[in-house]
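Along the sequence shown, residues are numbered consecutively beginning with 1. Each ligand, and each atom within it, is numbered from 1 in the order the structure gives.
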Amino acid sequence: MKKTLLLVTAGLLSTNVLASNFDDNQEAIEYRKDVFGLIAYNFSDMKAMLKGEKDFNQQLFEIRANNVKALSTMPWEGFIQGSDKGDTDAKADIWADGAEFKQKAQTFEQNAIKLVSAAQSGDKKAMKKAFGMTGKSCKSCHDDFKKD
Ligand code: ASC
């Protein structure tokens, strides 16, 4: 648990350190959209396996879960100040309610870690549960901070 918190904290700190990496809003927006696109791809593929829309493959499922975990810490650096302006669905509330946004980002990161553990356990029921929790944390943030 301590290790998890440390990793999450490190992730959020690097977000601040790297915040000035981008030249402009649009570069930051494209960067975070690319990360979210990869998360969506990996997540949807797990969903298809869990729903029986494609054959379940344990090795592939673990790869997908690990990918989501690795990607889960990456989008946040793209939310630079002022980047609600541009080709984005991000609401300005992200910057007005920064603590809430960070909290939701952390919850997602923690759920992604649990999803990897569940995947490695080989227990389908545990995978479904962890997958559901992770999806919930995606949706919870979208509900508050993404324009529909
Ligand atoms: C996905 C995807 C999302 C989440 C969300 C979960 O596959 O692209 O944004 O799951 O719909 O509720």
Test of understanding: with salt bridge (charged side-chain N to carboxylate O under 4.0 Å, His left out), list the residues that count as partners of [X], not counting sequence neighbours.
X: Lys33; result: Asp87
X: Lys54; result: Asp45
X: Glu27; result: none

query: Do the charged groups of Asp144 and Lys104 touch, with an N to O distance under 4.0 Å?
result: yes
- request: Decide whether a cation-pi geometry holds between Arg32 and Phe79; the criteria are a distance under 6.0 Å from NZ or CZ to the six-membered ring centre and an angle within 45° of the ring axis.
  value: yes
field: Aromatic ring proximity, centroids under 6.0 angstrom, Phe101 and Trp95
entry: no
Atom pairs, nitrogen or oxygen, ligand 1 to protein, under 3.5 angstrom:
residue: ligand 1; atom: 12 (O); partner: Gly135; partner atom: O; Å: 3.3

